[in-house]
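In what follows, a structure is listed as structure tokens, so that the remarks can point back to it.
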Amino acid sequence: MAFMQVSPVQLPGQLQRALAPLYVVHGDETLLVQEACDAIRAAARTAGYVERTVFTMASAQADWSAVLAALGALSLFADKRVLEVRIPSGKPGRDGAAALEQLATQAAHSADTVTLVVLPRLDAATLKSGWMAALIAHGVVVRIDPVERAQLPAWIAQRLAAQGQRVAEGEEGLRTLAFMADRVEGNLLAAHQEVVKLGLLYPPGELSLEQVRRAVLDVARYDPFKLPLAVLDGALARVQRMLQGLQAEGVAPVPVHWALAEELRALHAVRRALDAGQPLPLALREQRVWGAREQRYERLAPRLRSALTGRWLAEAQTVDGVVKGLPHPDWPSDPWAALQRLAVGVAAGCARAIC
């Protein structure tokens, strides 16, 4: 069979067509990683792979000889089996890299073993490594990407549909999905649990906003490094909600400020590069802007002026002093109040730019 990369949505179809001898699942969304692995294990059991051996390679110094020996050995009582290799750090080390390259080749030709390699989200350099290239060449790779806030309402709607439920058509339905997304943002497992709870509380069919309000808890978890994306989106209400959530969770203001200030530094650098005649793609590469950030910069950077981005950066430097205990006469002395003024002010400017 031809080996491939598939999304979690495509995985069930691939498993129905043919069970591959090697699967690689990588990502940081615990729920989706678990569901993908469960689907692979279930398909393997259905195909007669009843044994399961699990190795957790917790460090770069782990002994890989047992893994290779297990793959090469006949399974107990000649039963087909699943060999699962978990690498929590995503860094197998030199010996592990060599072992994974060997494992990829052997696993692809194993008649009695389905090999499952489970990894966290991998950076660009690791994705290009020799051992990962070997796994990609010989196996079916399932890449689990984060479900961002903009994708969350559609994700919730899809999960509701799978249990026979739906929200109202039109504006009310959009409000219902946005309400749920706001309360489970950054906590996909909680989102899943809230959807399941709705299935237990109410029969199949349409859910009203009031029913959802009564049932859904506020279980959002906010990541300081997601705040800059909301600022770039010009999402003022979401920015304020995230800051309130971070403060309530006991997050220190210093890392929150650092994440926002680094974004403003990159934005100003890109804007100045454009002023100097540099093409936007090159400016983005030099500032290491890619993925979801790249899309926002492409929309936003050409519409801003360097005088404005420079003022935002100067304000971030002032707030840096405030969060470290150095008050400024023109800014609130409370670090969270100063952060809110900075973040909301920049978000408002971004909103005007992209309108």
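- Counted within 6.0 Å of CZ on R214, heavy atoms from surrounding residues, nucleotides or ligands total more than 12; the atom is thus considered enclosed.
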Evaluate salt bridge (Lys or Arg N to Asp or Glu O under 4.0 Å) for R149 paired with D182, printing each intermediate quantity in order.
CA-CA 8 Å; R149 172 60 180 79; D182 286 344; 2.7 Å; yes

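- More than 12 heavy atoms of other residues, nucleotides or ligands sit less than 6.0 Å from atom CZ of R52.
- Listed by chain and residue number, nothing satisfies the side chain to side chain contact (heavy atoms under 4.5 Å, CB included) test with P204 (two or more places apart in sequence, or in another chain).
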Please test R293 against E263 for salt bridge (Lys or Arg N to Asp or Glu O under 4.0 Å), starting from the C-alpha separation and ending with a verdict.
CA-CA 9 Å; R293 292 175 66 221; E263 199 70 69; 2.8 Å; yes

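- In plain terms, the two heavy atoms of E298 and L280 that are nearest each other are CA-CD2, 3.8 Å.
- Listed by chain and residue number, E84 satisfy the side chain to side chain donor-acceptor pair (under 3.5 Å) test with R86 (two or more places apart in sequence, or in another chain).
- Around NZ of K197, the count of heavy atoms belonging to other residues, nucleotides or ligands within 6.0 Å exceeds 12.
- Residues satisfying the side chain to side chain contact (heavy atoms under 4.5 Å, CB included) criterion with E172, sequence neighbours excluded, are A168, R175, T176, S208, L209.
- Distance alone, capped at 3.5 Å, is enough to place a donor-acceptor pair between the H138 side chain and the A134 backbone.
- Put simply, the side chain of H268 never gets that close to the backbone of L313: no donor and acceptor are under 3.5 Å apart.
- A distance-only check finds no donor-acceptor pair linking the side chain of R45 to the backbone of V50 [under 3.5 Å].
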Hey, can you pull the donor-acceptor pairs under 3.5 Å for the side chains in residues 152-161, sequence neighbours left out?
| residue | atom | partner | partner atom | Å |
| --- | --- | --- | --- | --- |
| R159 | NH1 | E35 | OE1 | 3.4 |
| R159 | NH1 | E35 | OE2 | 2.8 |
| R159 | NH2 | E35 | OE1 | 2.8 |

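- By the side chain to side chain contact (heavy atoms under 4.5 Å, CB included) test, V344 is found to be paired with L236, V239, Q240, Q340, residues two or more places apart in sequence or in another chain being considered.
- With a 6.0 Å cutoff to the six-membered ring centre and a 45° limit on the axis angle, R341 counts as a cation-pi contact of W331.
- Scanning for side chain to side chain contact (heavy atoms under 4.5 Å, CB included) contacts around D145 gives R143, with sequence neighbours left out.
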